[in-house]
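This report refers to the structure that appears directly beneath it.
The sequence lines fix the lettering, A, B, ..., with proteins before strands; numbering per chain opens at 1. Keep in mind that what you see is a predicted model, and the values were worked out from it rather than measured.
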Amino acid sequence: MEQKDYIDIDGSHGEGGGQILRTALALSMIKGQPIHLYNIRGKRPKPGLMRQHLTSVLAAATVCDADVRGAELGSQEFWFEPNEIQNGDFHFSIGSAGSTSLVCQTILPALLSAEGPSSVTFEGGTHNGMSPSLDFLESAFFPMLAKMGVEYGIERDQVGFYPVGGGKWTLRIWPIQTFKPIHLTEKPIWHTWEGRSLIEKSLPRKIATRELERLQREMTPLSLVTEIEHVQAKGPGNTLHLLSKSDTHQIMIENTGKVKKSAEKVADEVANRYQHLLKSGATIDPYLADQLLIYLALAGDGTYTTNSVTLHTQTNIETIALFIGSRFRIADLQDSCYRISYMP
Amino acid sequence: MKTVCYSLLGTQLDYAGKSENRWHKWRPNISLCMQDDLLINELVLIYQEQDRALVKQVCEDIRTVSPDTHVTFQKIPFADPWDFEEVYAKLHQFLSTQQFSETNDYFINVTTGTHVVQICWFLLTESRHFPGRLIQVSPGKNDERTKGSYQLIDLNLEKYDQIAARFKADALEGEDFLKDGIQTQNAQFNAMIRQLETVAIRSTAPILLTGPTGAGKSQLAKRIYALKKQRGHVQGQFINVNCATLRGDQAMSALFGHAKGAFTGAQQSRDGFLKAADGGILFLDEIGELGLDEQAMLLHAIEEKSFYPVGSDTIRQSRFLLIAGTNKDLSQAAEQRQFRDDLLARINIWTYHLPSLSERIEDIEPNIRYECKKYTEHHGTPVRFNAEAWEKYDEFARSPNTPWVHNFRDLNASIYRMATLAGHQRIRLDIVQQEIKRLQESWRHQGHQTQHKQTDLSDFIEDSLLEEMDLFDQGQLRFVIERCQAHPTAASASRNLFQFSRLKKSSSNDTARLKNYLAKYNLSWQKIKRI
């Protein structure tokens with residue numbers, strides 16, 4: 001492998017959190033590009049690598065047999081020099097209910113460009129409220145990747161809520177040669193809505209019923225299919241998910257129940273976010289838009305619309321540009337609708 | 001490096017039943033293992049026989065929240081956990097069986113156990129039987145309840161600036177602070193300190209300290225740092241570098257750091273002293289020994305507040321106050337192109353000359369008292385002379401024939417030796433006599449005369465001139481020559497010779513005065529030094 005120079009990446013740039021770290025690691029792995037990250041999570045109250053970030057770095061290092069220096073708990077800079085990506089069976093456990101979906105996000109692009117299929121078992125948090133839940137991955141993120149040609153399978157053993165964690169799931173993934181570009185710009189015709197409340201057994205069922213009743217009231221005249229899922233988990237927790245399907249794709253809006261936050265408020269926030277998306281005529285929500293950026297770049301082409309462009313998205317685009325040039329375009333289409341496209 | 005934590009199993013606090021509901025409760029040992037920015041690699045759980053089942057449960061739950069934590073068990077039975085003597089003895093005994101490695105980070109969780117257990121942990125940690133810190137966990141609010149938060153408590157009081165500053169005899173202010181409370185008498189020295197205090201507080205420009213070895217440059221630099229730190233002018237560290245120890249290829253990377261792979265053997269990147277001094281003070285002692293390349297880089301770093309580590313094209317920032325020390329005549333070195341004149345100009349803004357000890361005879365006594373006090377603080381033994389011993393030592397110390405070659409370094413070592421030999425008793429005459437002999441011998445080995453030997457003037461001036469000289473003039477010239485021989489530079493010799501008259505003049509050129517005097521006898525500074 002040819003010797004490449006390290007590129008220096010300022011982790012305090014823009015949104016200045018963990019996303020820079022994950023996007024940089026993902027691209028470093030597939031491009032075989034050594035990176036030096038500094039000022040890691042520079043804009044967070046506790047900067048540096050927390051346990052879940054450290055797990056991401058170490059997971060990435062395992063997948064591509066990287067040489068890593070300086071990656072320790074709390075460290076604000078490290079060097080990462082990737083080698084060949086290996087497929088196979090992996091097992092990653094994250095302490096302190098760290099998000100398994102974020103570790104997944106870090107290593108997924110690499111596994112998609114590996115030589116053969118992989119199976120990855122994740123243990124830790126699956127529904128921690130600060131990152132996409134396992135439900136979101138299953139119902140919105142992976143279905144979108146499937147549209148791009150990705151083959152995958154998910155087995156869900158146990159959910160893990162914040163702050164206890166203890167969740168477990170397995171992802172099977174097959175490599176892909178070329179991604180099929182997606183073009184989602186037409187105002188979608190939504191036809192199905194499902195409300196699902198996930199609630200851990202030790203909590204009163206009433207919470208879930210109240211959430212779903214309120215969600216239905218707020219969504220009227222649209223009609224919801226509702227479901228309460230009683231789950232076995234190590235620690236208590238509750239999440240509310242709204243799945244919306246159109247002819248072309250499906251999206252999910254989710255929210256987390258909290259102590260001292262009424263079930264109604266949890267439902268109202270979900271409904272508001274969905275209403276906002278609906279009114280804008282955009283095709284996907286800002287969270288999904290954010291997570292798909294890297295795949296747009298890998299496909300070398302693609303377009304979608306969303307109802308908000310956050311600093312998070314901007315920073316993500318700028319991080320990707322460090323590796324493959326800046327070919328993203330964002331167009332303001334008025335009425336809170338933005339078109340994000342990647343120029344071939 | 002591993003993080004190892006010792007913790008008592010909380011019979012009540014860690015107990016929450018077997019149902020899944022136990023996850024609603026805050027449990028200290030579980031909470032300890034749930035922290036985002038703290039990973040306990042090894043948790044040593046100390047338990048009682050009757051809690052066997054609870055240990056298993058807690059261990060299992062820790063595996064859930066922190067798969068990377070390895071839990072080990074230690075049974076320590078307490079007949080009465082409120083019995084101080086028993087608890088202390090058992091914990092002490094337990095810790096003494098532990099192998100502590102310097103590369104590990106150690107904690108004791110004081111959240112669980114009786115108050116007596118906590119007190120014992122405090123005592124064992126404070127007395128350094130346990131080489132680590134205390135950790136306390138507490139429950140959080142709402143959703144964070146089970147996770148909670150933690151607090152580290154370091155019982156090493158030196159690490160707390162405010163406490164340490166309070167210990168430092170509350171009242172030490174400004175000048176006194178710089179002198180570390182020594183009541184110096186030397187007018188010239190006191191005037192210098194008075195100005196330096198103002199400069200240290202108001203200026204951020206480099207400070208240059210000159211003076212012979214052991215005159216206290218490094219000590220003074222440290223005091224400037226302590227003063228600025230006390231006043232909140234610096235937050236960073238005090239980095240003390242002796243440039244004479246930086247030689248060859250290592251010098252650049254030691255100062256400016258290097259990137260990984262910058263040269264053979266550079267397997268790790270290194271930050272360097274300049275980066276380490278960021279926000280603090282960098283004291284470069286013997287700056288005249290620095291190579292020309294390093295000087296150029298340093299100048300750039302002072303002016304731009306940034307520099308490039310060796311082999312790296314990533315610019316590093318560092319804001320530090322530079323204090324330079326030297327026993328060389330830097331202007332002379334600059335003329336001979338051994339020192340960059342632009343760097344000299346940059347650091348020569350506030351220059352202070354520290355006189356040698358023999359030039360500050362009136363300060364010897366307060367400094368002896370200071371050294372005795374310091375010895376007492378460190379060793380807990382009071383240092384006192386008996387009357388005749390003091391008389392003898394004082395006379396010797398002040399004598400113009402005592403060269404104090406290494407200045408305060410000699411004085412410090414001398415007091416240390418006598419205090420050690422005296423043990424808990426007063427320093428006696430025989431100890432002083434022994435000490436004087438030892439000092440004289442060590443100076444003789446290094447080529448310095450201590451016993452007064454009549455200088456032969458015929459070695460210096462022509463016999464024809466000597467034959468016509470009054471004894472009065474011969475005596476004066478002999479004394480001047482001896483002084484010149486004892487001092488490294490003409491400037492310091494003349495400061496010593498004209499110690500009072502120079503203070504009365506608005507501008508004095510003592511060196512010229514000395515040179516003119518010598519010229520009368522066809523003598524020059526260089527000539528004396530040659531002979």
Whether over 12 other heavy atoms sit under 6.0 Å from [X] [atom1]:
X: A:Lys43; atom1: NZ; answer: yes
X: A:Tyr287; atom1: OH; answer: no
X: A:Arg156; atom1: CZ; answer: yes
X: B:Gln12; atom1: CD; answer: no
X: B:Lys305; atom1: NZ; answer: yes
X: A:Tyr38; atom1: OH; answer: yes
X: B:Lys56; atom1: NZ; answer: no

[atom1]/[X] to [atom2]/[Y] distance, rounded to the nearest 0.5 angstrom?
X: A:Asp5; Y: B:Asp313; atom1: CG; atom2: CG; value: 7.5 Å
X: B:Asp143; Y: A:Lys261; atom1: CG; atom2: NZ; value: 9.5 Å
X: A:Leu73; Y: B:Met1; atom1: CG; atom2: CE; value: 8.5 Å

What are the two closest non-hydrogen atoms of [X] and [Y], and how far apart are they?
X: A:Gly95; Y: B:Pro67; result: CA-CD, 3.6 Å
X: B:Asn21; Y: A:Ser202; result: OD1-CB, 3.1 Å
X: A:Arg51; Y: B:Cys33; result: NH1-O, 3.1 Å
X: B:Trp23; Y: A:Gly235; result: CB-CA, 3.7 Å

Fill in: Which of A:Gly166, A:Gly165, A:Pro236 touches chain B most, by non-hydrogen pairs under 4.5 Å
A:Pro236
Check each atom of [X] against the heavy atoms of chain B and say whether the ones under 4.5 Å are side chain, backbone, both or neither.
X: A:Leu49; value: neither
X: A:Lys46; value: side chain
X: A:Lys234; value: both
X: A:Gln232; value: side chain

Worksheet, complete the sentence: side-chain contact (heavy atoms from CB on, under 4.5 Å) test vs A:Met50 passes for just one of B:Asp36, B:Leu39, B:Leu38, namely B:Asp36
Item to complete: Could you check A:Trp79 against B:Ser269 for side-chain contact (heavy atoms from CB on, under 4.5 Å), going step by step and ending with a plain yes or no?
Response: CA-CA 10 Å; A:Trp79 288 260; B:Ser269 69; 3.7 Å; yes
Practice prompt. Using the side-chain contact (heavy atoms from CB on, under 4.5 Å) rule, take A:Val164 and B:Met34 through it: C-alpha gap first, then chi angles, then the decisive distance, then the call.
Written response: CA-CA 8 Å; A:Val164 174; B:Met34 286 173 85; 4.2 Å; yes
